[in-house]
Amino acid sequence: MKTVSACIFDLDGVLVDTAKYHFIAWRNLAARWHIELTHEENEKLKGVSRKDSLLHIVALGDITLTDEEIEHWCAVKNEEYLSLVAGMNASELLPNVVELLEELKTKHIKIGLGSASKNAAFILEKTGIQHFFEAVVSGNDVTHSKPHPEVFHKGAKMLGVKSEETIVFEDSQKGIQAAKSGGFYAVGIGKEEDLKTADLVIPSFEKYTFEDIKQSLSQINKI
Ligand code: BG6
Ligand code: MG
């Protein structure tokens, strides 16, 4: 088995149950133009920046927006999202996340965050897990949205590790693509059918330790 010296986590839908709040806020915004945001379309939005998500949604209704309108509707969506996460606390961390982060710390595996969200630091703080992270790369720090690997390459650089010794954990198709094209191991969190190109897909961290994940990757000759 090869050495794994770092793990980089996506935030929304991997560490914390915020994917549902992004979905609610986008679905409500889409309804303003009588566009119905389906589960399938929403899967395509996961991991995508706020502006690119808006452009994807309005394109579904053949709508074009001016730069001012884009700015306006992004602000409206974010306002609703922020009101949905305002009362968030550690109880909305996904199962076993804290245990996994503690296991990594004990084993001296470096921990980074690679999120498209500009609200990432705020959510980490709200849920009280910011102290685990040696590197935090968010939507404020990148030029290219996932599936571009920039967010993970920046994270690996900050941690001082190579992509080939790092596992990326992602719940989005775009994020898995970003991890694979950047040379990382890619572990999908969610459903196999949504995350076909991942090296391994697990439903959640519940019942999985870091050792279990490494073992599973090794059994399928990925590591
Ligand atoms: C990603 C989410 O993590 O961040 C997307 O998967 C979201 O759903 C994107 O749109 C941008 O988030 P924010 O908080 O900057 O609007
Ligand atoms: Mg995500």
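Order of appearance sets the numbers: ligands from 1, and atoms from 1 within every ligand. The residues of the chain are indexed from 1 along the displayed sequence. All values below come from the heavy atoms of this structure, side chains included, with hydrogens, waters and symmetry mates left out. The shown structure was predicted, so the numbers you read here are calculated from the model rather than taken from an experiment.
Within 6.0 Å of atom NZ in Lys118, 12 or fewer heavy atoms from other residues, nucleotides or ligands are found, so the atom counts as exposed in its surroundings. Annotation for Glu71: atom CD does not count as buried by contact number, only 12 or fewer foreign heavy atoms lying within 6.0 Å. More than 12 heavy atoms of other residues, nucleotides or ligands lie within 6.0 Å of NZ in Lys20, so this atom counts as buried by the packing criterion. Within a 6.0 Å radius of NZ in Lys157, no more than 12 heavy atoms belonging to other residues, nucleotides or ligands are found. Annotation: Lys162, atom NZ; neighbour count of heavy atoms from other residues, nucleotides and ligands within 6.0 Å does not exceed 12.
Salt-bridge check for Lys46 with Asp10: failed, with every basic side-chain N at 4.0 Å or more from each acidic carboxylate O. Ion pairing between a basic and an acidic side chain is recognised when a charged N comes within 4.0 Å of a carboxylate O; Lys107 and Glu211 show such pairing.
No N or O atom of Lys46 sits closer than 3.5 Å to an N or O atom of ligand 1. Close N/O approach between Asn119 and ligand 1 is found [any backbone or side-chain N/O within under 3.5 Å]. Ligand 1 has a nitrogen or oxygen under 3.5 angstrom from a nitrogen or oxygen of Arg50. At least one N or O atom of Lys118 sits closer than 3.5 Å to an N or O atom of ligand 1.
Short contacts between ligand 1 and Asp12, defined as distances under 4.0 Å to a heavy atom of the residue, involve ligand atoms 1 (C), 2 (C), 3 (O), 4 (O). Those atoms of ligand 1 that come under 4.0 Å of a heavy atom in Val48, given as number and element, are 5 (C), 7 (C), 9 (C), 10 (O), 11 (C). Set against the non-hydrogen atoms of Trp26, the atoms of ligand 1 under 4.0 Å away are 10 (O).
Checking Phe210, Phe205, Phe152, Tyr208 one by one against Phe169, the ring-ring contact (aromatic ring centres under 6.0 Å, His included) holds for a single residue, Phe205. A side-chain contact (heavy atoms from CB on, under 4.5 Å) with Glu43 is found for one member of Glu40, Glu41, His39 and no other, namely His39.
For Phe23, the heavy-atom gap to ligand 1 stays at 4.0 angstrom or more. Look at Leu11 and you'll find every heavy atom at least 4.0 Å from all atoms of ligand 1. Ligand 1 lies nowhere less than 4.0 angstrom from a heavy atom belonging to Ser172.
With the Mg ion (ligand 2) as the vertex, OD2 (Asp10) and OD1 (Asp171) define an angle of 90°, rounded to 10°.
In this comparison of Ala120, Ser117, Gly139, the heavy atom closest to atom 13 (P) of ligand 1 sits on Ser117.
Taking NE2 of His153 as the reference point, atom CZ of Phe184 lies at 4.5 Å (rounded to 0.5 Å).
In terms of protein heavy atoms, atom 6 (O) of ligand 1 is closest to Gly47 N, 2.8 Å.
Under 2.8 Å from the Mg ion (ligand 2) lies no N/O/S atom of Glu170, from backbone or side chain alike.
Within Asp12, the N, O or S atom lying nearest to the Mg ion (ligand 2) carries the name O.
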